[in-house]
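Letters A, B, ... are given to chains in the order of the sequence lines, protein chains preceding strands, and every chain is numbered from 1.
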Protein chains: 2
Amino acid sequence: MERNNKISKKIIERLTKYLKCLGNFSPDDYISSEEMGGLLGVTAAQIRKDFSNFIPAFQYNFGIRGKGYHVKSLTEALSQILGLHKENNLIIVGAGNLGGAILQEGGFIKDGFNIVGIFDIAKNKIGKEYRGIKVKSVYEIENLVKDTEVDIAVITECNPIAQEMADLVINSGIKSILNFTPMELKVPKNVAISHIDINSKLQELNYWKEKVKNI
Amino acid sequence: MERNNKISKKIIERLTKYLKCLGNFSPDDYISSEEMGGLLGVTAAQIRKDFSNFIPAFQYNFGIRGKGYHVKSLTEALSQILGLHKENNLIIVGAGNLGGAILQEGGFIKDGFNIVGIFDIAKNKIGKEYRGIKVKSVYEIENLVKDTEVDIAVITECNPIAQEMADLVINSGIKSILNFTPMELKVPKNVAISHIDINSKLQELNYWKEKVKNI
DNA sequence: TAGATTGTTAATCGATTAACAATC
DNA sequence: TAGATTGTTAATCGATTAACAATC
């Protein structure tokens, strides 16, 4: 079956914004594309277009003409698209400061994601505890994967071994990686990867701050 | 003077990649757009086009026809564009786990950026020390700004007060913010802001991992 | 029914790529 | 000079927006 309408990264990025925005409304409210667009700085047409990409798969419309979008239904639809209707298990590779922060700072990881393990390669980190989760050796990732589905590995090791960690994770059978290190990681085509590069973001911001000076 | 060629976010994003890639070569090497493109998964044409946007401002070409780009010169040009030729001072607002991680984990913040302060609103955090920097009250940001140029504020407070922190930072005269919280922050048009939203990134990845399954 | 707002089509805009003359 | 590779122009591709018929 040919999937003809190509979903772009930008569309998916916006879906997460829409979902977040909906959190500010009561489930039984109705919201129009116009209203939501105003809140998010996006055109109403874009929102409707974005949703329309998923109507074929869903077999029913997202909104009601003349009325808008039912907050609860739309939230459910978007959650479904983003795979948040089920629990997604993730592990953290690297029990350094960043790994600990992600685990401990309550607000970062929200509904739909469960942290099921934290791993490190350094002996002095193994055995430590974060939020009731004991740090284990990275060589035990394989064992965990045997009896627990692990959806995502978050790699926070910030040194030359990030690629090794990625390889290890992939060899254990994990199919997606969130890369928090400054390194570019090579992964096979059947593994999804996303990169949060703090230093690059700072560099970008550094460019834009010069531009806004003239406003 | 009309600036006719509009620099997009995507161009700036790619410049940071090019710069990172150059780090793997000796300063006196020459690299062609073809070679670099191969390494980064970008077309050679795109690289040349990206650079060409900045030639008018620089008054000289970035490359040498028949030879390629001189690593050192190109690195300098890109650094200049991204404002990395000078030191950029930044402060961290929020001495929680994430703030501490960014400060302590060596690899995250690199050349061109200096951390000149860390601030928190919670009394029990104030006075603690990270890498020799004492945590101060957020109400002292204003004082710091009086005698030290602060280019960027990294906001890591992960709770309802993020917007207050942003307002405070902006009122002190800081013109750009890296927002690490899950909240959308409102800022005036003359303030540059960039958002790293871990949860949104996880949601996006969650979508893409389902797609790659069928590869 | 009249008013409102969706879902969709066509038009516009912007970003990427291909091609090639310029030139090292 | 011949070969290589840039910088730039024109063609293509994709993403956004405007407009409107469908319909609640």
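- For the pair A:Lys211 and A:Tyr207, the cation-pi test (distance below 6.0 Å, angle within 45°) is passed.
- Note on residues 166-176 of chain A: pairs passing side-chain hydrogen bond (donor to acceptor under 3.5 Å, both in side chains), not counting sequence neighbours, are A:Gln163-A:Asp167.
- At a threshold of 4.0 angstrom between heavy atoms, the contacts of B:Lys10 are confined to the sugar-phosphate backbone, with no base atom among them.
- Remark: nothing in residues 37-46 of chain B comes within less than 4.0 Å of DNA chain D through any heavy atom.
- Summarising the geometry of A:Cys21 relative to A:Leu39, their closest heavy-atom pair is SG-CD1, 4.0 Å, with the distance given to 0.1 Å.
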Seminar exercise, completed: Base-pair string, DNA chain D, Watson-Crick plus G-U, cut-off 3.5 Å on both distances, | for inter-strand, is ..||||||||||||||||||||||
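- With a heavy-atom cut-off of 4.0 Å to chain A, the contacted part of DNA chain C has its first and last nucleotide at C:dA4 to C:dT9.
- For the pair B:Gly68 and A:Arg65, nearest-nucleotide mapping onto DNA chain D gives the more 5' position to B:Gly68.
- Every residue two or more places apart in sequence or in another chain that forms a salt bridge (charged side-chain N to carboxylate O under 4.0 Å, His left out) with B:Lys20 is listed here: A:Glu184, A:Asp197.
- To the nearest 0.5 Å, atoms CD (B:Gln203) and CD1 (B:Ile198) are separated by 12.5 Å.
- Taking the six-membered ring where tryptophan is involved, the planes of B:Phe62 and B:Phe58 are perpendicular, since the angle between them exceeds 60° and thus also 30°.
- Residues B:Tyr139 and B:Phe119 keep their aromatic ring centres 6.0 Å or farther apart.
- Checked against a 6.0 Å centroid threshold, the rings of B:Phe108 and A:Phe180 do not count as neighbours.
- Using a 4.0 Å heavy-atom distance criterion, A:Phe62 is classed as a sugar-phosphate-only contact.
- Put simply, the side chain of A:Lys209 does not reach to within 4.5 Å of the side chain of A:Lys213, judged on heavy atoms.
- Sorted by first and then second residue, the side-chain hydrogen bond (donor to acceptor under 3.5 Å, both in side chains) pairs with a member in residues 29-41 of chain A read A:Ser33-A:Arg48; sequence neighbours excluded.
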